[in-house]
Amino acid sequence: MVVILKDGADSKKVKNLTDWLENQKISVHKVIGEYQTILGLIGDTSKIDIDLIQGLDIVEKVKRISEPYKNANRKFHPDDTIIDVGGHKIGGGNFQYFAGPCSVESREQIISIAKDVKKAGANILRGGAFKPRTSPYAFQGMRAEGLELLLEAKKETGMPIVTEIMDASHLDLFENVDIIQVGARNMQNFELLKELGRIDKPIFLKRGLCATLQEFLMSAEYIMAEGNQKVILCERGIRTFETATRNTLDLSAVAMLHEMTHLPVVVDPSHASGIARLVKPMSFAAAACGADGLMIEVHNDPAKALCDGPQALRPEEFAEVTRGVNAIRETVNNL
């Protein structure tokens, strides 16, 4: 349920209403927007008398919400959420490039790529230290050493970093990481999501391989219900019957999610297609349909990459993508 307050509502009366609701064992989430203030009521609201609340002189309107996700729901929070990472804003019309290698392989590799992607327009460095692989014999990442190298690249370039966590027991290692990524395979690792909800860091949540949009938002809800409202959603392709590409990039999800939620929505065209030559057109399409950013894999020598080389762009190819995306966004914004 949401309670929309009248403009200039008396603060004492608002507090009295909030206290009364909390005494009914209802959690009240207050959202102050540019034009209105909303009280989001979370809990068993079936016994709350809508007419009683609607009759208060500070209340404009009361609505019941049927969707199970409350914190992530745009009805609770009409204005776009804007997440600031080291001075770089994501969401609400702000667009960011997250770029870097699938996995950290050496000091020279990660620092070289970081400098290249920053020069091409990226503000946030991505790189895997812990790698979830389908095969137990595949490269699993440099783990703690990889995190140290990412932090060294951050120090060298000034770029905030985003990297994937595999287990809540690793959280101490992520203390200096700017954005913690939850991969597609862990989207419904609810115990991990709850732990991430108790920290004050942006969480980059990837859509599961076969997850519906409601399931995706319910995973975000797990994080937000614990108190962490800094969630960035990522559409990275879903598994369908198609075999020509690694996954099927669901760009309709970008537009639909913007209707359903206030959270930023980023697109990962690298994992979606699994084919480097498709990253450019899919990036252009993602920009045109309103994505709040792109996560793109970039490697200085894809043929020798230890992980996902076939989908990685070379730095000069990434620069071509950013130029094209910037032009498309400028055109779309002027329509």
Side-chain angles (χ1 to χ4, degrees), residues 90-91 95-103 117 120 122 124-128 131-134 138 162-164 179 181-188 203-217 219-220 231-258 260-261 263-299 302 305 307-314 317-318 320-322 324-325 328-329 332:
I90 307 160
F95 189 94
Q96 296 296 338
Y97 296 100
F98 305 73
C102 176
S103 62
V117 297
I124 300 170
L125 176 65
R126 64 142 294 154
K131 295 302 302 177
R133 306 300 299 278
T134 302
V162 54
T163 190
E164 182 172 353
I179 305 173
Q181 177 180 310
V182 176
R185 293 172 178 84
N186 270 320
M187 188 206 82
Q188 290 184 314
I203 307 301
F204 192 94
L205 180 65
K206 286 197 165 187
R207 184 181 180 185
L209 278 69
C210 300
T212 66
L213 295 186
Q214 178 163 302
E215 289 169 340
F216 191 18
L217 290 177
S219 290
V231 179
I232 303 164
L233 303 174
C234 180
E235 163 58 37
R236 44 80 69 200
I238 52 175
R239 181 169 290 171
T240 69
F241 55 81
E242 184 54 71
T243 58
T245 54
R246 181 175 180 177
N247 296 291
T248 297
L249 181 57
D250 183 8
L251 288 180
S252 65
V254 177
M256 196 69 231
L257 284 170
H258 277 141
M260 298 168 74
T261 183
L263 299 173
V265 182
V266 172
V267 170
D268 178 350
S270 301
H271 277 91
S273 65
I275 301 170
R277 68 177 182 276
L278 297 184
V279 171
K280 183 177 179 179
M282 292 301 94
S283 296
F284 289 0
C289 75
D292 295 301
L294 291 167
M295 174 172 271
I296 297 178
E297 291 189 3
V298 181
H299 198 286
C307 179
D308 287 344
Q311 67 194 35
L313 300 183
R314 293 182 178 275
E317 294 172 326
F318 174 67
E320 289 180 10
V321 170
T322 60
V325 166
I328 289 169
R329 292 193 68 249
V332 170

So do R185 and T134 actually touch side chain to side chain, heavy atoms under 4.5 Å? yes

Looking only at heavy atoms, the pair that brings A312 and H299 closest together is CB-CB, 3.9 Å

Quick one: do M260 and L213 satisfy side chain to side chain contact (heavy atoms under 4.5 Å, CB included)? Show the steps, please. CA-CA 9 Å; M260 298 168 74; L213 295 186; 4.1 Å; yes

Where do T322 and Y97 come nearest, in terms of heavy atoms and distance? O-OH, 3.3 Å

Start with the C-alpha distance between N247 and R236, add both sets of side-chain angles, then the distance that settles side chain to side chain contact (heavy atoms under 4.5 Å, CB included), and finish with yes or no. CA-CA 8 Å; N247 296 291; R236 44 80 69 200; 3.7 Å; yes

Do I179 and I203 have side chains that approach each other closer than 4.5 Å (heavy atoms only, starting at C-beta)? no

For R133, does the CZ atom have more than 12 heavy-atom neighbours from other residues, nucleotides or ligands under 6.0 Å away? yes

What I want to check is whether the side chains of T212 and R207 have a donor and an acceptor closer together than 3.5 Å. no

Looking at K131 and C102, would you say the former's side chain and the latter's main chain have a donor-acceptor pair under 3.5 Å? yes

Do you see a donor-acceptor pair shorter than 3.5 Å between the side chains of D292 and H258? yes

Does T245 offer a backbone N or O that forms a donor-acceptor pair with the side chain of S273 under 3.5 Å? no

Rounded distance [0.5 Å steps], CG in L294 versus CG in D268: 9.0 Å

Can a donor-acceptor pair be found, under 3.5 Å and without considering hydrogens, that links the side chain of T261 to the backbone of L257? no

Under the side chain to side chain contact (heavy atoms under 4.5 Å, CB included) rule, what do V162 and L125 come out as? Steps first, then yes or no, please. CA-CA 6 Å; V162 54; L125 176 65; over 6 Å; no

Nearest heavy atoms of A184 and K206, plus distance in Å: N-CB, 3.8 Å

If we ignore hydrogens and angles and just use 3.5 Å, is the side chain of E235 paired with the main-chain N or O of D250 as donor and acceptor? yes

In Å, rounded to the nearest 0.5 Å, how long is the span from CG of L313 to OG of S270? 6.0 Å

Could you tell me whether R126 and E297 have a side-chain N and a carboxylate O separated by less than 4.0 Å? yes

Between atom CE of M295 and atom CD1 of I232, what is the distance when rounded to the nearest 0.5 Å? 8.5 Å

Between V325 and F95, is the side chain to side chain contact (heavy atoms under 4.5 Å, CB included) condition met? List the steps. CA-CA 10 Å; V325 166; F95 189 94; 3.9 Å; yes

Without swapping roles, check the side chain of E242 against the backbone of A244 for a donor-acceptor pair under 3.5 Å. yes

Give the minimum heavy-atom separation between A220 and L205, together with the two atoms involved. N-CD2, 3.6 Å

Using every non-hydrogen atom in the two residues, find where C234 and F204 come nearest and quote the distance to one decimal. CB-CE2, 3.4 Å

Is the side chain of Q214 donor-acceptor paired with the backbone N or O of F216 at a distance under 3.5 Å, no angle test? no

Does the pair K280/E320 count as a salt bridge with the N-to-O cut at 4.0 Å? yes

Separation of R239 CZ from L209 CG (nearest 0.5 Å): 4.5 Å

Can you give me the closest heavy-atom contact between G290 and V254, atom names plus distance? C-CG1, 3.9 Å

SB check D308 R246 (cutoff 4.0 Å): yes

